[in-house]
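Just below is one structure, and these are the notes that go with it.
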Amino acid sequence: MKVAGIIPARYGSTRFPGKPLAMIGGKTMIQRTCEQALKSSLDAVVVATDDARIYDEVQRFGGRVVMTRADHRSGTDRCREALDLMGGDFDAVVNIQGDEPFIDPRQIDQLADLIRQPGVQLATLARKINDPARVTDPNTVKVVFGNHGNALYFSRFPIPYLRGNVEADHYQHIGIYAYRADTLRVVANLPAGRLEQAESLEQLRWLENGLTIQVAITDIASSYSIDTPDDLLHLPKELLQ
């Protein structure tokens, strides 16, 4: 099975315009993200952008890039268009966030291995939460899953809710996805769901429509995401090599 990594990278960002072109230790963020993805076992890595400046930057450092429409509602929809533009008869796609310049390639490989398994339509990762403050933080998305690893629900609220003296682990959803190619084409055409709109989580649209999302547990600590210019000022120096 051929698996492609697609990195959606748009220029417009409310909190950080031009984020993919931000410099981190002498390299742009998009270059660092590509370099990390290329350390994985994916069959191809392609940037999907809507901006000529990002397109030109990827070409400058020798990466693969396709130009997509500017009106996509999510990175998933951009991945769907990029899949059709890049060719190559890929069977599955890993959606790698463009603001994850330090993503661990082992997580990419773990997800690619999961989507290769028979019957898996969609796949994602989760990590056990050890900090109680993150359980109640609405910016930390939580996931609960069944005995066979299928996601039951994602929420910004602490799930499961612990009533009385009951104890249970909480898991943080790691926002990286893999899709079978045919499933990607389906989910990109689904209308926004009521649960998705309530929690602002697009993966709930997929669950609402009866699709299954397989969850794998990772022990690798989350990488440093860059959401605002201020995040760049707090990166550990050892990452800037």
Side-chain angles (χ1 to χ4, degrees), residues 1-9 19-20 24-25 27 29-48 63-64 74-76 78-79 82-83 90-117 120-131 134 137 139-145 148-151 154 169-181 183-184 187 201-203 206 212-227 231 235-236 238-241:
M1 177 184 287
K2 292 178 63 178
V3 181
I6 299 180
I7 305 173
K19 180 166 58 174
I24 303 175
K27 296 180 181 180
M29 186 184 307
I30 193 62
Q31 180 175 353
R32 285 186 174 272
T33 304
C34 285
E35 289 176 348
Q36 289 299 103
L38 286 167
K39 294 176 184 177
S40 72
S41 61
L42 294 171
D43 296 292
V45 174
V46 180
V47 174
R64 290 184 62 181
S74 70
T76 296
R78 197 174 304 283
C79 284
L83 176 64
F90 291 98
D91 303 290
V93 167
V94 177
N95 178 350
I96 303 163
Q97 302 299 316
D99 56 1
E100 295 278 357
F102 308 107
I103 188 170
D104 195 308
R106 292 175 295 174
Q107 290 185 322
I108 299 174
D109 284 339
Q110 183 179 13
L111 200 54
D113 289 342
L114 186 57
I115 200 65
R116 289 187 177 101
Q117 294 182 14
V120 176
Q121 299 176 304
L122 298 143
T124 194
L125 299 178
R127 185 170 183 266
K128 184 179 177 181
I129 300 175
N130 295 311
D131 180 1
R134 296 186 70 86
D137 182 357
N139 294 314
T140 298
V141 178
K142 276 70 67 173
V143 58
V144 289
F145 42 87
H148 300 291
N150 54 308
F154 298 83
D169 292 330
H170 291 90
Y171 287 87
Q172 176 183 355
H173 176 225
I174 308 299
I176 178 173
Y177 301 102
Y179 331 76
R180 289 289 178 98
T183 303
L184 175 57
V187 299
L201 297 173
E202 70 167 328
Q203 61 269 39
W206 311 339
T212 58
I213 306 174
Q214 197 73 17
V215 180
I217 305 304
T218 176
D219 293 326
I220 301 170
S222 299
S223 65
Y224 288 84
S225 299
I226 310 297
D227 295 319
D231 291 336
L235 290 173
E238 59 268 20
L239 293 177
L240 304 181
Q241 304 301 318

CZ-CD1 distance between Arg64 and Ile7, expressed to the nearest 0.5 angstrom: 12.0 Å

Listed partners of Lys2 passing salt bridge (charged side-chain N to carboxylate O under 4.0 Å, His left out), at least two apart: none

Qualifying residues under salt bridge (charged side-chain N to carboxylate O under 4.0 Å, His left out), relative to Asp113, sequence neighbours excluded: Arg116

Partners meeting side-chain contact (heavy atoms from CB on, under 4.5 Å) with Ser41 (sequence neighbours left out): Asp109

Results of salt bridge (charged side-chain N to carboxylate O under 4.0 Å, His left out) for Asp169 - residues two or more places apart only: Lys128

Counterpart residues, side chain to side chain donor-acceptor pair (under 3.5 Å), relative to Gln97 (two or more places apart): none

Ala9 versus Arg78, closest heavy-atom pair with distance: N-CD, 4.4 Å

Partners passing side chain to side chain donor-acceptor pair (under 3.5 Å) against Ser40 (at least two apart in sequence or in another chain): none

Close side-chain approach of Ile115 to Arg180, heavy-atom, < 4.5 Å: yes

Sequence-distant partners of His170, ring pair (Phe, Tyr, Trp, His ring centres under 6.0 Å), two or more places apart: none

Pairing residues for Asn139 by the side-chain contact (heavy atoms from CB on, under 4.5 Å) criterion, not counting sequence neighbours: Asp137

Close side-chain approach of Phe102 and Gln36, heavy atoms under 4.5 Å: no

Residues which pass side chain to side chain donor-acceptor pair (under 3.5 Å) with Gln121, listed by chain and number, not counting sequence neighbours: Thr212

Sole candidate of Thr140, Asp131, Val143, Val141 that passes side chain to side chain contact (heavy atoms under 4.5 Å, CB included) when paired with Gln172: Thr140

Check: Thr76/Glu202 side-chain N/O donor and acceptor closer than 3.5 Å: yes

Counterpart residues, ring pair (Phe, Tyr, Trp, His ring centres under 6.0 Å), relative to Phe154 (two or more places apart): His173

Verdict with supporting geometry, Gln110 and Leu125, side chain to side chain contact (heavy atoms under 4.5 Å, CB included): CA-CA 9 Å; Gln110 183 179 13; Leu125 299 178; 3.9 Å; yes

Residues in salt bridge (charged side-chain N to carboxylate O under 4.0 Å, His left out) contact with Lys142, at least two apart in sequence or another chain: none

Spatial distance of atom CG (Asp104) from atom OG1 (Thr218) [nearest 0.5 Å]: 7.5 Å

Residues forming a ring pair (Phe, Tyr, Trp, His ring centres under 6.0 Å) with Tyr171, sequence neighbours excluded: Phe145

Rounded distance (nearest 0.5 Å) linking atom CG of Asn95 with atom CG of Leu83: 11.5 Å

Value rounded to 0.5 Å, distance of OH in Tyr177 from SG in Cys79: 11.5 Å

